[in-house]
Amino acid sequence: MMLDHAEPAMRPTEPIDLKAEFAGAGISEVLDGLERDLVGLKPVKARIREIAALLLVERVRQKYGYATEAPTLHMSFTGNPGTGKTTVALRMASILKALGFVRQGQLISVTRDDLVGQYIGHTAPKTKEILKKAIGGVLFIDEAYYLYRPDNERDYGQEAIEILLQVMENQREDLVVILAGYADRMDKFFALNPGFRSRIAHHIDFPDYENAELLSISDTMLQRQNYRFSPDARVVMDRYIARRRERPYFSNARSIRNALDRARLRQANRLIAHDGLIDPAMLTMIEPEDLLGSRVFLETDTSSGEIDA
Amino acid sequence: MRVTQGCFSYLPDLTDEQISKQIQYCLDNGWAVNLEYTDDPHPRNTYWEMWGLPMFDIRDAKAIMGELNDCRRIHTDCYIRLSAFDATNTWESLRISFIVQRPADEAGFMLTRQEIGGRMMRYETRAYGLQKPEGSRYGG
């Protein structure tokens with residue numbers, strides 16, 4: 001169902017079965033998937049349920065002609081790196097598609113480089129090109145604050161911002177814009193660009209993951225690649241997470257993914273160096289030494305500026 | 001004389017809503033939509049000007065309708081056609097092409113006959129519009 005109202009509104013006389021509307025839209029599958037596939041993120045999930053409920057009621061209201069305007073659906077996702085903003089944005093696109101608030105439901109993920117040009121007259125076509133791709137779906141702007149550089153008044157980012165603001169206002173039924181980034185820098189960005197703040201309906205804050213949540217994320221990540229921890233290795237991974245968090249450039253789930261990639265690398269080297277035949281089960285098993293090779297365990301000095309270890 | 005060419009040429013001109021549905025059909029099939037314009041109506045004219053590049057990676061018809069309306073605004077008195085390219089292996093060619101705008105007043109074609117040796121006859125069709133230089137053939 002689209003947002004246009006060609007046929008005259010039918011005011012209801014019968015009671016409305018919201019549960020049936022909910023089931024009919026197929027969003028319960030998306031929401032359950034969100035609950036099942038994403039570890040932690042309790043406040044985010046709660047907020048998304050709230051938004052989904054709002055959208056569902058809005059849709060029913062539209063059906064009966066109580067709501068006349070396309071609602072503002074633009075959102076901002078704030079949180080540290082690796083807290084699942086892009087993943088949730090993808091789910092959001094499916095929810096919006098299921099409820100008919102976007103027509104196609106694709107997610108176009110961009111950063112400043114994709115929107116802002118390098119010379120005069122380059123920005124507008126570039127931004128419009130991206131917007132054309134995003135029409136009918138969701139435009140996800142990662143680290144949106146880089147669009148605005150207050151220290152350089154001739155920066156072309158301003159031009160991209162103006163086009164975005166215009167589209168966010170005038171083409172609300174065509175696309176939904178999600179701005180994402182670190183909480184503090186987004187706050188500053190919104191303070192300097194009040195136009196964005198007023199056009200954004202939903203602010204969602206992504207908390208950092210707990211250590212236990214990260215451990216369970218690492219289990220899932222390995223499982224997806226057909227690996228698993230040996231019982232000892234899982235204990236080591238728990239210690240790794242605690243130590244990694246104290247080090248610079250910790251980025252939640254992304255750091256975990258990088259750590260596991262390197263553990264796989266060490267595992268492969270260990271297997272190659274192994275004399276004799278290899279038990280097929282060894283191919284899928286991450287052992288403690290694959291994790292203990294990490295620099296996180298080798299160095300006691302946590303102030304060094306190495307990116308990941 | 002109404003020039004007909006491509007798909008739907010036997011139908012009345014499509015409305016914007018109908019065009020939009022055709023575009024969405026093309027996009028749903030993963031074809032790249034392309035806009036071209038010309039003011040030379042001759043059926044053998046294969047050299048149409050391109051309106052920008054073929055539009056790859058677009059999901060919704062509204063984006064293309066926007067481009068079409070821009071093209072219409074600038075080339076008020078031209079023929080505009082929309083085509084969709086299928087890049088799938090073994091197709092790799094246009095799957096659909098139809099006219100989405102025509103000049104308000106289509107002058108049509110003049111047929112000339114030339115008698116040549118042995119009572120032979122040679123025919124030529126010439127668009128009345130072509131007597132004027134490119135860009136000023138219709139309306140302007």
Side-chain angles (χ1 to χ4, degrees), chain A residues 1-7 70 73 89-90 92-111 113-115 117 121-140 163-164 166-178, chain B residues 12-37 48-75 80-88 94-98 100-101:
Chain A
M1 169 168 316
M2 296 321 320
L3 304 181
D4 45 288
H5 290 280
E7 71 268 39
L73 293 167
L90 260 174
M92 202 48 162
S94 340
I95 293 175
L96 292 170
K97 168 81 169 47
L99 286 168
F101 284 92
V102 296
R103 290 185 295 266
Q104 316 297 334
Q106 80 275 30
L107 181 86
I108 304 291
S109 179
V110 298
T111 55
D113 288 353
D114 301 299
L115 296 170
H122 190 204
T123 303
K126 225 176 155 184
T127 306
K128 284 184 180 150
E129 199 60 36
I130 294 290
L131 286 170
K132 251 169 34 189
K133 287 180 189 172
I135 278 185
V138 175
L139 178 66
F140 181 80
I163 296 172
L164 276 175
Q166 206 186 341
V167 168
M168 283 166 80
E169 188 61 35
N170 300 336
Q171 294 188 268
R172 270 182 297 182
E173 71 284 0
D174 286 337
L175 84 165
V176 169
V177 177
I178 298 181
Chain B
D13 286 342
L14 300 186
T15 63
D16 274 11
E17 195 189 344
Q18 290 165 332
I19 294 172
S20 187
K21 281 185 177 161
Q22 292 297 338
I23 296 175
Q24 194 58 53
Y25 174 77
C26 297
L27 296 176
D28 290 346
N29 279 303
W31 305 342
V33 176
N34 183 33
L35 290 170
E36 294 160 294
Y37 61 92
W48 292 53
E49 307 282 340
M50 290 175 76
W51 176 261
L53 296 171
M55 288 170 270
F56 292 96
D57 299 330
I58 288 188
R59 294 283 300 274
D60 195 80
K62 187 127 183 201
I64 289 170
M65 288 307 287
E67 286 293 322
L68 173 58
N69 287 329
D70 285 351
C71 181
R72 280 171 168 163
R73 205 173 56 239
I74 288 170
H75 301 288
I80 301 178
R81 79 176 169 198
L82 186 148
S83 53
F85 177 80
D86 183 353
T88 344
L94 289 188
R95 294 289 289 261
I96 186 173
S97 162
F98 58 99
V100 287
Q101 177 184 284

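To find a chain, count down the sequence lines: A is the first, B the second, and so on, and within it residues start at 1.
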- Query: Minimum heavy-atom separation for D60(B) to I135(A), with atom names?
  - Reply: CB-O, 3.2 Å

- Task: Report the distance from atom CD of Q24(B) to atom CZ of R103(A), rounding to the nearest 0.5 Å.
- Result: 7.5 Å

- Just jot down the side chain to side chain contact (heavy atoms under 4.5 Å, CB included) partners of Q106(A), sequence neighbours excluded, or say none. Q104(A), I108(A), R59(B)

- Query: How many angstroms lie between atom CG of L53(B) and atom CD of E129(A), to the nearest 0.5 angstrom?
  - Reply: 8.0 Å

- Report, as yes or no, whether the 6.0 Å neighbourhood of atom CD on Q18(B) holds more than 12 heavy atoms from other residues, nucleotides or ligands. yes

